[in-house]
Peer 1: 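The following block contains the structure, expressed as structure tokens.
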Amino acid sequence: MKKKVSKVLAVVLAALILFVTGCNSQPSSSGTTSGGADAGAASGADTASAAKKKVGVSMPTKSLQRWNQDGENMKSSLEAAGYEVDLQYGGENEIPLQVSQIENMISSGCEVLVIAAIDGESLTEVLANAKANNIPVIAYDRLIMNTDAVTYYATFDNWKVGTMQGEYLKRVLDLDNAAGPFNIEFFTGDPGDNNINFFFDGAMSVLQPYLDSGKLVCPSGQTEKLTVATEGWSSERSQSRMENLISSNGYSPSGTKLDAVMCSNDSTAQGVTTALTNAGYTKDNFPYITGQDCDIVSVKNMIAGTQSMSVFKDTRTLANKVVEMVDAILKGSEPPVNDNETYDNGTGIIPSYLCDPVEGSAANYRELLIDTGYYKEEDVIG
Ligand code: GAL
């Protein structure tokens, strides 16, 4: 019996030693996942005192690939910089859950909040509480609207994302030279996501003149942002809307020609691709379809010829920028900002950092995504 007790004690002691040494080595032992390397550099040397500070990271959903990636990148990058991280996902776009998670982050002592909102309008109350507790808030990727609690905004150049999609279609359809007319349909994202005002309006800034001149025709007549919005950016919803468009307009490889579908992102593009594939389209007659994010499924579709392009937004770059922001805020220095005029959340301009999006397609996915270590070849092949 005595022997047993001392054996247990020894195991507990060993576990304790392991735990203590593990804690001490934390700042240098992390940073192995993508996005970690630069974050370590951003942290500066003062990781010991920062180690006790806790950062809340609130992501909108587990159901789309990009947010899982964003969350993981943020967590590993912040940990590499010496911070404790409370990472939460709002289930499957569940607004009350996100609100209560943020509430918990505030009451459990997070010193900065990084939030990608499910809905830009639903956080006013909880963020008033953050402000009352002097907790700075960084809006991550999506601007949080109508609250003066947002301190900084880090995102990609969302207008540019939209214009890249429009310019792509203009280029492949050769809208300035070809006779046309070309048939096109439109899909954008969640109506509560402020980003669609930039994605959709940006794309339309390029395409509207061709709709006006008749070079582009939208047979369904559905060209208004809120009419073509997709709740929750859901692939199922975009698939069923595309199915309706197919039956009501008679689109098919042998029927009414569909030349292009402007989709604001990959999850909506994937639903459209599924509907068109089910309707008999093959890579030889597929309409041009745009997207955004370079999701694994969409990269596969691009390689298979059932999506034409995507916009690559390297989540490692965004995560690293946000780590720099957090680090500067907590150390009392100036966070990186490169835009002071574009993003007004209804209470005034929010100082922003805009990362640069890049066009992705079957032609360049290897150098863009594989060579940079974003994906492994086997992730996107087969
Ligand atoms: C947007 C984001 C896009 C896309 C979409 C759906 O706010 O900027 O990259 O992922 O949400 O999650």
Side-chain angles (χ1 to χ4, degrees), residues 58-74 89-95 98 114-123 138-145 150 153-165 187-203 225 228-239 262-272 289-299 301 307 309-319 321-322 342-343 345 350 352-360 368-369 374:
S58 171
M59 294 285 121
T61 179
K62 270 258 162 203
S63 62
L64 291 190
Q65 184 201 320
R66 83 150 282 189
W67 302 109
N68 293 285
Q69 227 161 288
D70 283 271
E72 288 313 312
N73 278 338
M74 283 298 303
Y89 294 87
E92 309 263 318
N93 287 311
E94 293 153 51
I95 296 171
Q98 183 170 46
V114 178
I115 301 173
I118 297 169
D119 180 295
E121 306 273 351
S122 308
L123 301 178
I138 300 173
Y140 185 91
D141 192 273
R142 300 170 172 174
L143 188 55
I144 306 168
M145 306 303 287
V150 179
Y153 180 34
T155 190
F156 283 82
D157 186 334
N158 295 311
W159 181 263
K160 189 168 172 193
V161 170
T163 58
M164 283 166 75
Q165 293 164 336
F187 286 73
T188 194
D190 191 274
D193 184 343
N194 182 58
N195 282 351
I196 72 166
N197 298 316
F198 292 81
F199 300 153
F200 185 79
D201 295 354
K225 186 166 43 198
V228 305
T230 311
E231 201 187 308
W233 295 89
S234 145
S235 302
E236 290 74 24
R237 286 196 173 90
S238 65
Q239 181 183 338
M262 197 296 294
C263 295
S264 285
N265 88 328
D266 284 349
S267 58
T268 51
Q270 287 157 25
V272 169
I289 299 183
T290 62
Q292 165 185 198
D293 291 334
C294 285
D295 279 358
I296 286 175
V297 173
S298 284
V299 177
N301 287 349
Q307 181 175 325
M309 66 85 79
S310 187
V311 177
F312 180 47
K313 306 196 301 187
D314 192 329
T315 54
R316 298 169 297 191
T317 310
L318 184 58
K321 222 15 110 179
V322 173
T342 309
Y343 288 97
N345 81 337
I350 307 297
S352 307
Y353 192 94
L354 311 186
C355 304
D356 219 18
V358 181
E359 186 177 308
L368 205 57
L369 305 169
Y374 201 72

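Remember, it's 1-based here, ligands and their atoms both numbered in the order they're listed.
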Peer 1: Below 4.0 angstrom from a heavy atom of Q292, which ligand 1 atoms are there? Numbered from 1 as shown, please.
Peer 2: 3 (C), 9 (O)
Peer 1: Please work out, at 4.0 Å between heavy atoms, whether the side chain, the backbone, both, or neither of F199 comes within that distance of ligand 1.
Peer 2: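 Side chain only.
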Peer 1: Heavy-atom contacts with R66 under 4.0 Å: which atoms of ligand 1 show up? List them by number with element.
Peer 2: 2 (C), 3 (C), 8 (O), 9 (O), 10 (O)
Peer 1: Would you mind running through ligand 1 and noting each atom that sits below 4.0 Å from a heavy atom of L64?
Peer 2: 6 (C), 12 (O)
Peer 1: Would you call the rings of Y343 and F198 parallel, tilted or perpendicular if under 30° counts as parallel and over 60° as perpendicular?
Peer 2: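 Taking F198 first and then Y343, their aromatic rings sit tilted (interplane angle of 30° to 60°).
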Peer 1: Any luck finding a side-chain donor-acceptor pair between W233 and N265 under 3.5 Å?
Peer 2: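 N265 and W233 do not have a side-chain donor-acceptor pair below 3.5 Å.
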Peer 1: What protein heavy atom is closest to atom 11 (O) of ligand 1, reported as residue, atom name and distance in Å?
Peer 2: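 Of the protein heavy atoms, R142 NH2, 2.9 Å lies nearest.
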Peer 1: Tell me whether the NZ or CZ atom of K225 lies within the 45° cone about the ring axis of F200 and under 6.0 Å from its centre.
Peer 2: no
Peer 1: Using modelled atom types and a 3.5 Å cut-off, is there a donor and acceptor pairing between side-chain atoms of T163 and backbone atoms of G202?
Peer 2: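 Looks like no, no N/O pair under 3.5 Å.
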Peer 1: Is it true that a side-chain atom of D266 and a backbone atom of Q292 form a donor plus acceptor pair closer than 3.5 Å?
Peer 2: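 Yes, the answer is positive, given that a donor and an acceptor are paired below the 3.5 Å cut-off.
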Peer 1: Give the residue, atom name and distance (to 0.1 Å) of the protein heavy atom nearest atom 10 (O) of ligand 1.
Peer 2: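 In this structure, atom 10 (O) of ligand 1 has D293 OD2, 2.8 Å as its nearest protein heavy atom.
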Peer 1: Do any N or O atoms from the side chain of R142 and from the backbone of A117 form a donor-acceptor pair under 3.5 angstrom?
Peer 2: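 Yes, R142 side chain to A117 backbone: donor-acceptor pair under 3.5 Å.
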Peer 1: Give the atoms of ligand 1, by number and element, whose distance to some non-hydrogen atom of K313 is under 4.0 Å.
Peer 2: 2 (C), 3 (C), 8 (O), 9 (O)
Peer 1: Do any nitrogen or oxygen atoms of N158 lie less than 3.5 angstrom from nitrogen or oxygen atoms of ligand 1?
Peer 2: no
Peer 1: Check each atom of ligand 1 against the heavy atoms of D193 and keep those under 4.0 Å away; list them by number with element.
Peer 2: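 Taking each heavy atom of D193 in turn, ligand 1 has 1 (C), 7 (O), 11 (O) under 4.0 Å.
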Peer 1: Closest heavy-atom contact between T155 and L318?
Peer 2: N-CD1, 3.7 Å
Peer 1: Between N93 (side chain only) and T61 (backbone N and O only), is there a donor and an acceptor less than 3.5 Å apart?
Peer 2: no
Peer 1: Quick check on contacts: which atoms of ligand 1 are under 4.0 angstrom from a heavy atom of N265?
Peer 2: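 This gives 4 (C), 5 (C), 6 (C) as the contact atoms.
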Peer 1: Please work out, at 4.0 Å between heavy atoms, whether the side chain, the backbone, both, or neither of D141 comes within that distance of ligand 1.
Peer 2: side chain
Peer 1: Looking at ligand 1, does W67 have a heavy atom less than 4.0 Å from it?
Peer 2: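 Per 4.0 Å heavy-atom rule, W67 contacts ligand 1.
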